[in-house]
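Everything below concerns the one structure shown next.
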Amino acid sequence: MANPVNVDIQVLPSTGGDVYSVVDRAIGVIQESGLKYEVGALGTTVEGDLDSCLEVAKAAHRACFVDGVEGVVTIIKIGESVGGSSIEEKVAKFRGTG
């Protein structure tokens, strides 16, 4: 794999119903992707090559169009560095592991 990147994905479905079940569906797509991921309070961060991460973001976005959802806004943040980027190195000092 090329140097890994981190991509943070936040889906915001437009629904009058249960937003959490729609978000859970998007997280399920991420979980099934095989990429390393971490669910946060306001988004899910995935780690891998850029193309795979963007494909997962697209799949998670599209997975929200269920149960009458008419619109979804997905916010994507990409973190990349020349030597690669991992979730662990970004959060280790806050978890006491780095």
Side-chain angles (χ1 to χ4, degrees):
M1 171 174 59
N3 289 332
V5 302
N6 299 135
V7 174
D8 193 63
I9 305 162
Q10 180 184 26
V11 296
L12 303 167
S14 301
T15 178
D18 182 12
V19 172
Y20 293 107
S21 67
V22 178
V23 172
D24 287 347
R25 187 179 305 264
I27 293 170
V29 167
I30 294 167
Q31 290 172 320
E32 293 170 5
S33 73
L35 293 176
K36 182 176 180 179
Y37 70 93
E38 187 166 306
V39 177
L42 296 174
T44 300
T45 304
V46 295
E47 180 179 307
D49 67 90
L50 182 58
D51 289 340
S52 296
C53 290
L54 293 177
E55 283 298 318
V56 168
K58 181 170 99 175
H61 171 82
R62 296 244 169 100
C64 293
F65 285 97
V66 295
D67 302 328
V69 172
E70 294 186 19
V72 179
V73 172
T74 297
I75 299 168
I76 300 171
K77 295 186 281 186
I78 301 170
E80 183 174 15
S81 64
V82 173
S85 182
S86 74
I87 295 169
E88 183 57 35
E89 70 188 18
K90 286 184 171 58
V91 298
K93 71 179 179 180
F94 301 106
R95 294 185 177 158
T97 58

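Remember, it's a predicted structure, so these values are computed and weren't measured experimentally.
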Result of checking Leu35, Ile87, Val5 against Glu47 for side chain to side chain contact (heavy atoms under 4.5 Å, CB included): Ile87

Test side chain to side chain contact (heavy atoms under 4.5 Å, CB included) applied to Thr44 and Ile30, Val7, Val29, the passing residue: Ile30

Nearest heavy-atom neighbours spanning Val23 and Pro13: CG2-CD, 4.1 Å

Smallest separation among heavy atoms of Gly48 and Cys53, with atom names: N-SG, 3.5 Å

With side chains defined as the heavy atoms from C-beta onward, is the minimum distance between [X] and [Y] less than 4.5 Å?
{"X": "Gln10", "Y": "Lys77", "result": "no"}
{"X": "Val46", "Y": "Ile9", "result": "yes"}
{"X": "Ile78", "Y": "Leu50", "result": "yes"}
{"X": "Phe65", "Y": "Val72", "result": "yes"}

Value rounded to 0.5 Å, distance of NE2 in His61 from CD1 in Ile75: 12.0 Å

Arg95/Glu38 salt bridge by N-O under 4.0 Å criterion: yes

Verdict with supporting geometry, Asn6 and Ser85, side chain to side chain donor-acceptor pair (under 3.5 Å): CA-CA 6 Å; Asn6 299 135; Ser85 182; 2.9 Å; yes

Single-linkage hydrophobic cluster, 4.5 Å side-chain cutoff, Leu12 and Val22 together: no

Transitive ILVMFWY side-chain link Val39 to Val11, under 4.5 Å: yes

Within 6.0 angstrom of Lys36 NZ, more than 12 heavy atoms from elsewhere: yes

Chi angles and distances behind the side chain to side chain donor-acceptor pair (under 3.5 Å) call for Asp24, Ser21: CA-CA 5 Å; Asp24 287 347; Ser21 67; over 6 Å; no

Side-chain hydrophobic cluster, 4.5 Å single linkage: members besides Leu42: none

